[in-house]
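Below: the structure, in structure tokens.
We name chains A, B, ... by the order of the sequence lines, and we start the count at 1 in each one.
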There are 2 protein chains.
Amino acid sequence: VVPRERLTPSQPPPLRVVIWGLGAMGRLMARLVLADPDLRLVGAVTRQAGASGAPSDLAGLLGLEPAAGIPLSPSLDRALERAGGANVVLHATGSFVAEVAGQIEACLEAGLDVVTIAEEMAFPWAQSPDLAARLDRLARERGHTVVGTGVNPGFVLDTLVVLLTAVTGHVQSVYGRRVNDLSPYGPTVMRTQGVGLDPDEFARRVADGTVVGHVGFPESIHLIARALGVKVTRVEESREPIISTVRRVTPHVVVEPGYVAGCRHVARGWSGDLLLVELEHPQQVRPEAEGVETGDYIEIRGWPDITVRTGPEIPGGIATAAITVNLARPVVQAPPGLLTMLDLPLPRGTARRRPEVLRDVRP
Amino acid sequence: VVPRERLTPSQPPPLRVVIWGLGAMGRLMARLVLADPDLRLVGAVTRQAGASGAPSDLAGLLGLEPAAGIPLSPSLDRALERAGGANVVLHATGSFVAEVAGQIEACLEAGLDVVTIAEEMAFPWAQSPDLAARLDRLARERGHTVVGTGVNPGFVLDTLVVLLTAVTGHVQSVYGRRVNDLSPYGPTVMRTQGVGLDPDEFARRVADGTVVGHVGFPESIHLIARALGVKVTRVEESREPIISTVRRVTPHVVVEPGYVAGCRHVARGWSGDLLLVELEHPQQVRPEAEGVETGDYIEIRGWPDITVRTGPEIPGGIATAAITVNLARPVVQAPPGLLTMLDLPLPRGTARRRPEVLRDVRP
């Protein structure tokens, strides 16, 4: 428990939070909300609710004792009925605007603000301008707010890049690279990144769209360009195989020499004939097997040049869950509309969560 | 000139900017404003205006051809009279709240928003709560906004630290270090950092307040704590000599072995019995003479830990001028009151300034 003397005076009452989607991200968010004296978890929506063998209370899903007193609900309506009202939905059910727009509309219709980790929602005008306009209109009509966030898109290769430009007199271009390790991930990630394939098969699957690489580059590029006051006139993306020269073993896959250890996904955003944004995200299993260090690297080229690196990379899972929960109150306090990370006050964490609630989920 | 196709549509009309204080920082700001299609420099206030031998137009001060058409004015009133109205003042005349409060009040009374680089204004409640309350009251009454910023305080060891906490589920403590090179600076900086003194004299001048070290640590610490939702109950500062083991030569000073090359200023912010914030700013001439690399280093300790470094350090002069100019529009758009970097939308630079106007001031 945070000692009383450390708490700031006149803290507003806790916000009432619903989590929609209880995969790995939603479950992490739930733990953070339960540990937070300024948030109250009042509902949890999951397709699994009521399935045979599924727990009926969130605590069962999280492996918590005793029960959290949060029933798992199959729909937002049912969750709100049980909760008797809420302020904000933390939304973690999918990646694409077309896939999540209906759920976000349901949240707005129910009078709730929304923070979503759907990657394309970080800047939905990039690839779905019509749906974005519709969501923005509905949000304004209802007087509520929607924002998309996450570790990336949402933070490392866009929000952090933008903040670093603030101390420059002129931006010529920006470059960002995020080098991570896919080893902890399961079969879905291995498939969408092409891990374990031979190079020809990798090329075929890039062509037919089953090897996806990173989701979110056009969104990050458009967000950066908007921040810098210029238009993106073209976005190019390439997905190349990272071919291993050594044997790489993870719990889910073995990559033999000559086979694909991951996907080097690069995106370039042009403004006229200026290469404004170049982002690179090589994702692979066991990068250290060939001496590759993980980390995030950002270079602002202008006056002055600024170079920043993290080491190791900002970890994807907890960072995505954390920034989502950390935005709950800013989104409730924001003006209505479909917003982006550019519209909110400086994002921030908290020193107020109860470490004893977090302890048993920490790695 | 930025090509038309790169400009975003429906850009609002340029803001009318007055710069108050034309030292090194104010002059850099003037160049950035002159290069910015979204800002219009309409006035310049300096004590030197009208002094014998002083230029009468800003262009003379900046070494620009042809004249900028901005007369140097000895007072804000005179500048506004000549300008026929303005939106925002970029203020660079001093470091301390008590020293600048009257000037900021004058700006508010004149119906202007203010961005100031006075270090203590980054969080004026830290050391001048009464003056801060008075400025806040006046700003709200007049419907205008004041914010303090700069490279540090204002960015490296506070704003950037806070943003990095946004991707954490819990913050235990934060640590920041800024290692820079004082070699380019002149006699005033050498004196306030104690460069060239013998260690005993350094100690005496720390005791009598003539060796100051960094101005802004209490402000950065209070700003971080407010962001994290906890109270600072105690701030401790120490200023130790960096004693050179080699000869260090700059245009302004020679430091012999055994003498002081700079000041290692450390500040700790406690929240109850928790060391929440530890900030370190060793400032010295020619750090490379003893193999010390310059750079900014930030560590967030919590879940997860996050480590970020810049290399070299974000350069102080242009960064301070740039973030001030970059905040002109956000401050005009912000709600009224005495605000901090925590209250504004994500700070950002621009790719719209005309490089040809900047070129001849760039190092």
For a quick test of reading the model, state the closest non-hydrogen atom pair linking [X] to [Y] and the distance between them.
X        : Y        : answer
B:Gly169 : A:Ala322 : N-CB, 3.5 Å
A:Arg348 : B:Ala227 : CD-O, 3.3 Å
B:Arg353 : A:His170 : O-CE1, 3.0 Å
B:Asn326 : A:Thr165 : ND2-O, 3.9 Å
A:Leu164 : B:Phe155 : CA-CZ, 4.3 Å

Between [options], who has the most heavy-atom pairs with chain A when the cutoff is under 4.5 Å?
options                                : value
B:Leu32, B:Asp36, B:Val162, B:Ile318   : B:Ile318
B:Leu344, B:Thr149, B:Leu342           : B:Leu342
B:Val156, B:Val174, B:Thr159, B:Val151 : B:Thr159

Hey, what do you get for CD1 (A:Ile306) to CG (B:Asp296), rounding to the nearest 0.5 Å?
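Rounded to the nearest 0.5 Å, the CD1-CG separation comes out at 9.0 Å.
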Segment of [X] engaging chain A (4.5 angstrom heavy-atom cut-off):
X        : value
B:Leu327 : neither
B:Met29  : neither
B:Leu160 : both

Quick one: are A:Leu163 and B:Leu346 in side-chain contact, heavy atoms under 4.5 Å?
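The answer is yes, as the side chains (C-beta and beyond) meet within the 4.5 Å cut-off.
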Residue selection (most heavy-atom pairs with chain B, distance under 4.5 Å) from A:Thr168, A:Thr324, A:Thr350, A:Val161:
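Most heavy-atom pairs under 4.5 Å with chain B: A:Thr350.
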Choice from A:Gly150, A:Pro330, A:Gly295, A:Gly311 maximising heavy atom contacts with chain B below 4.5 Å:
A:Gly311
Do other residues, nucleotides or ligands put more than 12 heavy atoms under 6.0 Å from A:Arg301 CZ?
yes
Tell me if the CD atom of B:Glu236 is crowded by more than 12 foreign heavy atoms within 6.0 Å.
yes
Step by step, would you call A:Val308 with B:Val308 a side chain to side chain contact (heavy atoms under 4.5 Å, CB included)?
CA-CA 7 Å; A:Val308 169; B:Val308 169; 3.4 Å; yes
What verdict does the side chain to side chain contact (heavy atoms under 4.5 Å, CB included) test give for A:Val230 and B:Arg352, after you've listed the backbone C-alpha separation in whole Å, the side-chain angles of each residue and the deciding distance to 0.1 Å?
CA-CA 7 Å; A:Val230 293; B:Arg352 293 164 56 84; 4.0 Å; yes
With side chain to side chain contact (heavy atoms under 4.5 Å, CB included) as the test, would you mind laying out the steps for A:Ile314 and B:Val167 before giving the verdict?
CA-CA 8 Å; A:Ile314 293 176; B:Val167 280; 3.9 Å; yes
